[in-house]
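Throughout, numbering of the chain's residues begins at 1 and tracks the sequence.
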Amino acid sequence: MRKAVIDLGTNTFNLLIADVHEFGFDIVFSEKDGVALGMGGINNNYLADEAYQRGISTLEKFAMICQAHKVEVIHGIGTSALRDAVNANDFLAEVKRKLGISIEIVTGLREAELIYGGVKWSYDFSEPAVIMDIGGGSTEFIFADNKGISDMISLNIGVSRIYQRFTVSDPLSESDVQAIENWLDEKAGVFFKNKQSDLMIGASGSFETFYEMIHNEKFPEKVKAVEIDEIELRKSLDWIMKSTQAERDSNDWIIPIRKKMAPLAAIKTRWIMDKLAVKRILISPCSLKEGAFVM
């Protein structure tokens, strides 16, 4: 069966079309669009008018792509921005009326389960790990081993929320970074107390950008987690945090939707690496959309 999954993220909408069979799935087509659905309203639990319309336009385009590829089933999954927006039902109803696409809004913990299901395609958890998925509205942390998930949490600490909450300098000052880290600590509460993980798996998205910045090449097109050097990653994170907007704008390895918020993703990544004493980093090309094919 040919199926499409649309991940309606707070910053990016991801479309994945695949032929699903008994033993898994074969990818036919994939595309991502920087929609910024949460821009202008996420911290007020609202989809701003312009963001709302960008979302509809992107889904119209995705629907045409699905039709061209003769997709039989489309599964839309709404995450943080839609989870919290008081006008989310209006958005869902318009999409259903115009395009015939039903969107399921998942809880944060269900989102974490789907992320784990996706990452499992790229890593067998022979060594226990923590998965980190950096979103625009939320960020998921999933502790897992070869027996499955041992603990998980979804925190409303996405980069779009941070971007719209804090007024910072360009480049970020030390006090900006400290204020954001203090806020992350507050939001995490006691969840990470007494937790440690030698291995962290970054789930696609921003982590693919980190890889591309380090290696000056596109992330490998294969369904397998790729290891990157922890020291090189820290150097890259440091550069991003100290960079100006102009410097990021001129860096071809940072995609447009991430040029404004990359320092916030870098702060958050370094914060959790320090908190959990991470020593090794894998980057998985898979995340929620791949998990949705099989879970």
Side-chain angles (χ1 to χ4, degrees), residues 7 9 12 14 16 24 27 30 32 79 108-136 138-155 157-159 184 188 191-192 195-215 218-237 240 258 262 264-295:
D7 170 8
T12 307
N14 292 275
L16 187 65
I27 295 173
S30 66
K32 62 178 65 177
T79 57
L109 291 182
R110 178 58 178 162
E111 183 176 356
E113 289 176 343
L114 291 171
I115 292 164
Y116 165 75
V119 171
K120 272 184 68 178
W121 284 105
S122 67
Y123 179 68
D124 62 4
F125 290 92
S126 55
E127 179 182 341
V130 59
I131 302 167
M132 179 183 188
D133 188 297
I134 299 173
S138 63
T139 295
E140 283 67 46
F141 300 93
I142 306 105
F143 290 82
D145 55 25
N146 56 14
K147 296 179 182 177
I149 297 172
S150 59
D151 207 352
M152 60 182 173
I153 194 170
S154 177
L155 298 172
I157 57 171
V159 291
L184 293 172
F191 179 77
F192 294 110
K195 282 185 169 64
Q196 186 174 339
S197 181
D198 286 347
L199 177 61
M200 183 170 83
I201 304 173
S204 64
S206 294
F207 287 97
E208 292 178 342
T209 295
F210 298 155
Y211 175 96
E212 292 172 356
M213 291 180 67
I214 292 168
H215 294 281
K218 292 293 292 180
F219 190 81
E221 291 187 5
K222 54 184 179 180
V223 185
K224 185 177 181 182
V226 178
E227 185 160 4
I228 58 171
D229 183 78
E230 184 248 352
I231 294 174
E232 290 301 315
L233 175 58
R234 286 186 178 273
K235 287 179 182 177
S236 182
L237 298 177
I240 295 169
R258 297 204 177 100
L264 308 177
I267 290 171
K268 193 157 43 174
T269 301
R270 189 185 70 174
W271 168 77
I272 198 63
M273 288 172 66
D274 291 344
K275 189 172 287 292
L276 298 178
V278 170
K279 297 181 177 66
R280 292 179 57 219
I281 309 290
L282 294 179
I283 298 176
S284 170
C286 303
S287 188
L288 179 149
K289 56 192 184 299
E290 288 82 7
F293 275 113
V294 292
M295 293 183 73

OG/Ser30 to CG/Leu16 distance, rounded to the nearest 0.5 angstrom? 6.0 Å
Check against ring-ring contact (aromatic ring centres under 6.0 Å, His included), Phe141 and Phe191: CA-CA 10 Å; Phe141 300 93; Phe191 179 77; 7.5 Å; no
Look at the rings of Tyr123 and Phe125 and say which category their plane angle falls in: under 30° parallel, 30 to 60° tilted, over 60° perpendicular. perpendicular
Heavy-atom distance under 4.5 Å between the side chains of Ile131 and Glu140, does that happen here? no
For Ile157, is there any backbone N or O sitting under 3.5 Å from a side-chain donor or acceptor partner on Lys268? yes
Indicate the atoms forming the closest heavy-atom contact of Thr139 with Ile134, along with that distance. OG1-CA, 4.0 Å
If you measure from CG on Leu237 to CE on Met273, what distance do you get to the nearest 0.5 Å? 6.5 Å
Indicate yes or no: at least one non-hydrogen side-chain atom of Thr79 is less than 4.5 angstrom from one of Asp7. yes
Where do Ala188 and Leu155 come nearest, in terms of heavy atoms and distance? CA-CD1, 4.0 Å
Contact between Lys235 and Met213 at the side-chain level, heavy atoms closer than 4.5 Å - yes or no? no
Ionic contact status for Glu230 with Arg280, cut-off 4.0 Å: no
Is the shortest heavy-atom distance from the side chain of His215 to the side chain of Ile228 under 4.5 Å? yes
What are the two closest heavy atoms between Ala265 and Val159, and how far apart are they? N-CG1, 3.6 Å
Using 0.5 Å steps for rounding, measure from the SG atom of Cys286 to the CD1 atom of Ile201. 11.0 Å
Gap separating the CD1 atom of Ile115 from the NZ atom of Lys120, nearest 0.5 angstrom: 15.0 Å
Answer whether the closest heavy-atom distance between the side chains of Lys224 and Leu282 falls below 4.5 Å. no
Of Ser122, Ser204, Pro220, the residue whose pairing with Pro285 passes side-chain contact (heavy atoms from CB on, under 4.5 Å): Ser122
For Phe207 versus Met132, what's the shortest heavy-atom pair and its separation? CE1-O, 3.5 Å
What are the two closest non-hydrogen atoms of Ala203 and Asp133, and how far apart are they? CB-OD2, 3.5 Å
How about Asp151 and Lys195: do any of their side-chain heavy atoms sit closer than 4.5 Å? yes
So OG1 of Thr269 and CG of Leu233: to nearest 0.5 Å the spacing works out to 7.0 Å
Contact between Val223 and Glu290 at the side-chain level, heavy atoms closer than 4.5 Å - yes or no? no
Using the ring of each side chain (for Trp, its six-membered ring), is Phe192 parallel, tilted or perpendicular to Phe143, with breaks at 30° and 60°? tilted
Can you tell me how far the CG atom of Leu199 sits from the CG atom of Asp145, to the nearest 0.5 Å? 12.0 Å
Donor-acceptor pair, side chain of Ser236 and main chain of Glu232, under 3.5 angstrom: no
Step by step, work out the side chain to side chain contact (heavy atoms under 4.5 Å, CB included) result for Glu127 and Asp198. CA-CA 9 Å; Glu127 179 182 341; Asp198 286 347; 4.2 Å; yes
